[in-house]
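Please read the structure below before turning to the comments.
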Amino acid sequence: MNTNYTLTWDWDQGSAESGAVNFTTHYVAKFKLKSKKKSPNWNTGCETTSDRSCDLTNKNLFYLGIYVFRVRASVNGIDSDWATKDFCPDEEAALGPPSKVALSPEGRNLDIVISDPLSSTNRSMREHHEDLYFQIRYWERSADGQALRSHSLSSKKRVVTLSNLQAWTWYCVSVQSRYDFYNKSSSFTPPLCTQTEGTIPWWEIVLYFLLSLVICFLVVLLYIYGFFRCFKKLKATFYPSVQLPTPFQYLCDFSGSDIPRLLPESHSELWCDKVTVCPAPPLLEIHSPPPEFLPEPTGLEPDSSGKHSRSSSGSGDSGMYSTGGGSSNLRQLHSGQDSQGPLDSEQVKMQDMAPGLKTHLLAADEGIVDMCV
């Protein structure tokens with residue numbers, strides 16, 4: 001096909017002895033065989049190969065020339081006779097289909113772009129077949145994939161335009177290469193389908209416009225919503241709305257910021273008072289001894305006025321004193337004793353020695369009670 005050449009042959013296994021079979025292929029231009037002065041110099045195509053084919057593409061055979069091929073078999077050192085065949089590429093080589101086909105709709109028209117078949121060196125086959133042309137077949141495809149009407153045309157151009165087609169309709173195209181001198185024709189390319197275009201209805205334009213507006217509105221709305229959500233989150237994180245408790249208000253800056261921080265040393269003397277820590281005053285304890293340990297009062301005799309007087313032999317350092325009151329004072333003591341209950345030996349603590357605080361009179365019984373501090 002084109003300039004790709006492969007020589008193949010058949011081999012009868014029954015005519016060969018047991019052993020491996022190898023084949024050798026030679027070729028030469030046919031005009032060299034007509035020379036009577038010297039024997040032709042055969043070129044080697046494939047040497048001692050077990051395959052039953054030989055690829056001659058890379059031998060650069062002249063496309064318009066005529067060649068003679070010969071093949072023989074060798075088994076266990078025994079060679080068979082040569083089998084020969086004449087070959088003319090221009091006449092016998094098959095023509096390949098276009099290398100590429102592309103469709104391009106232009107409104108109700110359809111442009112077909114065709115690439116020439118290529119040789120083994122990726123060159124156009126028009127270099128060997130100047131009268132090469134294309135057979136184009138196209139048809140309208142229905143919704144279920146069936147061909148409705150088929151049409152065909154021929155053209156040597158690589159770009160063919162199909163005009164006056166129906167708008168918004170699917171068309172399929174297949175192309176074939178042809179060369180009439182030796183009646184060569186390639187196979188058709190696989191069908192390639194596309195849809196033609198036409199005038200867009202006004203309602204479709206309005207629908208597309210409204211749809212684009214809705215999409216843009218939703219995108220902008222989503223963007224604004226995300227921005228405010230992020231803004232609120234950042235504000236709540238760095239600038240919280242919860243107020244600090246009153247004891248911590250002095251930690252805040254006086255410029256109005258909600259962020260607490262310690263006051264600088266220059267402001268500490270202006271806004272803070274000095275605090276002096278003093279030890280607590282000692283508590284005085286009053287002990288009341290039990291009645292059995294009280295000494296008997298001596299040297300004191302009640303007079304007619306109810307007052308105790310100092311005995312005639314009273315001593316100044318006995319530690320006994322007159323109450324300096326009459327019967328009314330004794331009644332006061334008795335009334336206080338009745339309301340508070342009898343005194344025992346428990347300790348009585350004085351919580352505060354400052355003046356002005358209330359004091360309680362202690363009375364054990366009639367008479368003088370020793371007090372120790």
Side-chain angles (χ1 to χ4, degrees), residues 1-101 114-135 174-190:
M1 181 177 292
N2 296 338
T3 59
N4 298 281
Y5 315 118
T6 301
L7 179 65
T8 60
W9 57 85
D10 296 330
W11 170 250
D12 186 6
Q13 294 284 353
S15 63
E17 299 178 359
S18 60
V21 181
N22 295 321
F23 302 95
T24 301
T25 304
H26 292 166
Y27 69 95
V28 69
K30 189 173 182 178
F31 73 93
K32 293 183 179 182
L33 296 177
K34 297 180 180 180
S35 177
K36 297 180 179 179
K37 295 182 180 180
K38 60 178 180 179
S39 60
N41 184 17
W42 290 85
N43 301 313
T44 302
C46 298
E47 184 72 24
T48 61
T49 178
S50 59
D51 297 332
R52 298 182 185 181
S53 63
C54 181
D55 187 7
L56 302 172
T57 303
N58 57 355
K59 303 305 178 181
N60 296 323
L61 302 180
F62 183 57
Y63 193 78
L64 300 178
I66 300 175
Y67 294 88
V68 177
F69 298 118
R70 68 180 184 179
V71 182
R72 74 178 178 183
S74 300
V75 180
N76 296 329
I78 302 175
D79 298 332
S80 68
D81 295 333
W82 291 100
T84 61
K85 177 179 177 57
D86 295 347
F87 174 68
C88 178
D90 184 29
E91 181 180 356
E92 299 181 53
L95 183 62
S99 58
K100 184 180 179 181
V101 177
I114 307 172
S115 300
D116 293 337
L118 301 177
S119 65
S120 59
T121 57
N122 290 328
R123 300 177 68 88
S124 173
M125 286 300 296
R126 288 183 183 271
E127 297 179 359
H128 306 294
H129 299 305
E130 295 182 359
D131 294 333
L132 179 69
Y133 69 96
F134 303 106
Q135 183 73 21
S174 183
V175 184
Q176 179 190 50
S177 301
R178 284 195 173 186
Y179 179 60
D180 291 340
F181 187 83
Y182 288 110
N183 198 21
K184 290 184 180 182
S185 61
S186 69
S187 60
F188 280 92
T189 59

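Sequence positions, counted from 1, serve as the residue numbers for this chain.
To the nearest 0.5 Å, atom CG of residue Leu61 and atom CD1 of residue Ile66 are 12.5 Å apart. Atoms CZ and OG, from Phe188 and Ser177 in turn, are 10.0 Å apart once rounded to the nearest 0.5 Å. Between the OG1 atom of Thr57 and the CG atom of Asp55 there is a distance of 4.0 Å, given to the nearest 0.5 Å. Rounding to the nearest 0.5 Å gives a distance of 6.0 Å between CG of Asp131 and OH of Tyr179. Atom OH of residue Tyr5 and atom CG of residue Asn60 lie 9.5 Å apart, to the nearest 0.5 angstrom. How far CG of Asp86 is from NZ of Lys30: 4.0 Å, rounded to the nearest 0.5 Å.
The 12-atom threshold is not exceeded at NZ of Lys100, counting heavy atoms of other residues, nucleotides or ligands nearer than 6.0 Å. Taking a 6.0 Å sphere around CG of Asn41, one finds it holds 12 or fewer heavy atoms contributed by other residues, nucleotides or ligands. For Asn58, the CG atom counts as densely surrounded, since its 6.0 Å shell holds more than 12 non-hydrogen atoms of other residues, nucleotides or ligands.
Counting only heavy atoms from C-beta outward, the side chains of Phe134 and Arg178 never approach each other to under 4.5 Å. Side-chain contact between Ser185 and Gln176 is present, with at least one heavy-atom pair separated by less than 4.5 Å. Here the side chains of Leu132 and Pro117 are in contact, with some heavy-atom distance below 4.5 Å. A 4.5 Å side-chain heavy-atom check between Tyr67 and Val28 finds every atom pair outside the cut-off. Residues Phe23 and Ser74 have side chains not in contact (no heavy-atom distance under 4.5 Å, counting atoms from C-beta outward).
A cation-pi contact, defined as under 6.0 Å to the ring centre and within 45° of the axis, is absent between Arg52 and Trp9.
The backbone N or O of Val175 sits less than 3.5 Å from a side-chain atom of Thr189, completing a donor-acceptor pair. Of the possible polar contacts, none joining the Ser53 side chain to the Thr8 backbone as a donor-acceptor pair under 3.5 Å is found.
Sorted by first and then second residue, the pairs that involve residues 114-126 and meet side-chain hydrogen bond (donor to acceptor under 3.5 Å, both in side chains), not counting sequence neighbours, are Thr3-Ser120, Asp116-Ser124, Asp116-Arg126, Asp116-Arg158, Ser119-Thr121, Arg123-Glu127.
Heavy-atom minimum distance, Gly45 versus Cys54: C-SG, 3.7 Å. Among all heavy-atom pairs drawn from Ser186 and Pro98, the shortest one is OG-CD, 4.5 Å.
Taking Tyr63 as the reference, His129, Lys184 meet the side chain to side chain donor-acceptor pair (under 3.5 Å) condition, with sequence neighbours excluded. Remark: Phe69 pairs with Phe87 by the ring-ring contact (aromatic ring centres under 6.0 Å, His included) rule, at least two apart or across chains.
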key: Verdict with supporting geometry, Leu95 and Asn2, side-chain contact (heavy atoms from CB on, under 4.5 Å)   = CA-CA 5 Å; Leu95 183 62; Asn2 296 338; 3.8 Å; yes
query = Does the side-chain contact (heavy atoms from CB on, under 4.5 Å) test come out yes or no for Val71 and Leu7, once each step is laid out?
reply = CA-CA 10 Å; Val71 182; Leu7 179 65; 3.8 Å; yes
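Below 30°, between 30° and 60°, or above 60°: for His26 and Trp42 the angle between ring planes is between 30° and 60°, a tilted geometry.
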